[in-house]
> 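Take a look at this one; I'll ask things after.
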Amino acid sequence: MGLPVVLMPGPMHPAVADGLADHCELIRLWEESDPDAVLTERRDEIVAVATGGTTIDGPFLDDLPAVRLVASFGVGYDRIDATAAAARGVVVTNTPGVLDDEVADTALGLLLMTVRELGRAEQYLREGKWAGGRPYPLTPATLHGRRMGILGLGRIGQAIADRAQPFGVSVAYHNRHPKDVDYQYYSSLTEMAADVDVLMIVIPGGDSTRHLVDASVLKALGPDGILINVARGTVVDEQALVDALRTNTILSAGLDVFEHEPKVHPDLLTLPNAVLLPHVGSATIPTRTAMANLVVNNIRHWLTDGTALTPVPESADLV
């Protein structure tokens, strides 16, 4: 009897393939000359899928009836229909925990860049304006004393809160349900936005959160408000954000994610009060390697004894 067959639909961190090499036959689908033919030929043999961003829905799984595990690289798994997977007895895993600190560090760095205009100040220096005897203009805002509203107080949200408070920033949060924490809870996102001056987005993407931050939330955040998004670009109505920045409905925004990435709304590129990063929240070699190793360990545990280390909530009844 041969090794179990695992499908990798697209390129992933090399540590995934390396870690699985002795434990399964790995089909690198993007390297096949006729991927559809391979899927048809091997459909009854493929028992697991390792993915770094491929859309996996009910029809995809129906074409692979032997699959019982989808191991996703990343915390967010909005490209995987985990509910459809659970209905078919397929467990979905992600990679929480190992990237919390890295993303939280990025969020605080992005906030500092935004509130103090650090990126613009560096460019000012590089353009020789400071050497020409003109100090960079005083920034209108400071970080100390601000009140941060966290949209999504999960692991990463808590790590951000832990980092924000030593900066003199107080914390509130909005979740679907309150948690056993000392921060003020808001059942209404709009009410929280009206009471804070930093809105930190750390909530998962997907249909249920699409455009949750819309024009009304941005208006409530107000002219001294700063929006930071290190979650998913789809959570924010990007056109409404552009309009809010252009009209000074809010003060500024710091974004590591975008609604149609890697495409960025062209108007965002022209706005001086927007700080933009190319989705680098967890992008360090140690963290990405740890994420890859967790994908490997989920698959290896599944192949060995049918357990999964980090199943997503939709898969809870299957493990």
Side-chain angles (χ1 to χ4, degrees), residues 99-150 156 159-171 196-202 213 218 221-233 236 238-288:
L99 49 70
D100 297 354
D101 288 333
E102 211 74 79
V103 176
D105 289 347
T106 302
L108 262 292
L110 194 54
L111 176 57
L112 283 165
M113 288 181 67
T114 303
V115 74
R116 290 297 313 280
E117 301 178 6
L118 298 181
R120 292 165 64 185
E122 184 197 14
Q123 189 61 35
Y124 188 91
L125 179 150
R126 289 180 180 275
E127 292 171 353
K129 296 177 181 178
W130 187 42
R134 291 173 291 169
Y136 187 79
L138 299 180
T139 54
T142 186
L143 183 58
H144 185 84
R146 282 186 172 265
R147 181 166 167 79
M148 177 187 292
I150 298 177
I156 297 174
I160 292 171
D162 292 342
R163 286 158 171 75
Q165 291 173 99
F167 281 91
V169 176
S170 61
V171 173
V196 302
D197 46 28
V198 175
L199 180 58
M200 178 67 69
I201 302 173
V202 210
V213 177
L218 295 170
L221 185 58
D224 195 39
I226 297 171
L227 180 139
I228 304 293
N229 190 1
V230 292
R232 284 292 185 266
V236 179
E238 206 160 83
Q239 184 59 56
L241 176 60
V242 166
D243 294 341
L245 290 168
R246 182 184 292 123
T247 61
N248 297 314
T249 299
I250 66 173
L251 179 66
S252 55
L255 309 173
D256 187 43
V257 290
F258 303 90
E259 189 168 355
H260 303 291
E261 61 183 56
K263 295 180 180 179
V264 177
H265 194 300
D267 290 347
L268 283 173
L269 299 173
T270 69
L271 291 168
N273 53 346
V275 175
L276 313 174
L277 300 179
H279 202 153
V280 295
S282 64
T284 68
I285 291 173
T287 293
R288 291 292 173 86

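Given the structure is predicted, the values throughout are model-derived calculations rather than measurements.
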> What I'd like to find out is whether the side chain of Leu143 reaches to under 4.5 Å of the side chain of Arg116, using heavy atoms alone.
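In short, these two side chains do not touch, never coming nearer than 4.5 Å.
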> Write out all pairs satisfying salt bridge (charged side-chain N to carboxylate O under 4.0 Å, His left out) with one or both partners inside residues 238-249, taking only residues at least two apart or from two chains.
Asp243-Arg246, Arg246-Asp267
> Could you tell me whether the side chain of Asp100 and the main chain of Ile156 form a donor-acceptor pair under 3.5 Å?
no
> List in chain and number order the residues that pass side-chain contact (heavy atoms from CB on, under 4.5 Å) with Arg147, two or more places apart in sequence or in another chain; answer none if no residue qualifies.
Ser170, Ala172, Gln184, Tyr186, Val196, Asp197
> Scan for salt bridge (charged side-chain N to carboxylate O under 4.0 Å, His left out) pairs involving residues 271-286, sequence neighbours excluded, and state none if there are none.
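Passing the test, one end in residues 271-286: no pairs.
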> Could you check Leu227, Leu110, Ile201 and say which one makes a side-chain contact (heavy atoms from CB on, under 4.5 Å) with Leu255?
Leu227
> Quick one: ring-ring contact (aromatic ring centres under 6.0 Å, His included) partners of Phe167, sequence neighbours excluded?
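Checked Phe167 against ring-ring contact (aromatic ring centres under 6.0 Å, His included); zero matches.
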> Using a cut-off of 6.0 Å, state whether more than 12 heavy atoms not belonging to Leu269 lie near its atom CG.
yes
> Excluding sequence neighbours, so at least two apart, what forms side-chain hydrogen bond (donor to acceptor under 3.5 Å, both in side chains) with Thr249?
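Once residues adjacent in sequence are excluded, the partners of Thr249 under the side-chain hydrogen bond (donor to acceptor under 3.5 Å, both in side chains) criterion are Thr247.
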> In this structure, which one of Val213, Asn229, Val236 forms a side-chain contact (heavy atoms from CB on, under 4.5 Å) with Leu241?
Val236
> Quick one: list whatever passes salt bridge (charged side-chain N to carboxylate O under 4.0 Å, His left out) with Glu117, sequence neighbours left out.
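Only Arg120 meet the salt bridge (charged side-chain N to carboxylate O under 4.0 Å, His left out) criterion with Glu117.
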> Taking the side chain as every heavy atom from C-beta outward, state whether Val242 and Leu268 have any pair of such atoms under 4.5 Å apart.
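Yes; the side chains approach each other to less than 4.5 Å.
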> Would you say Tyr124 and Trp130 make side-chain contact, with heavy atoms under 4.5 Å?
yes
> Just wondering, do Ile226 and Met148 contact through their side chains at under 4.5 Å, heavy atoms?
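A side-chain contact under 4.5 Å is absent here.
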> Strictly distance-based, threshold 3.5 Å: is any side-chain N or O of Thr287 a donor or acceptor partner for the main-chain N or O of Ala283?
no
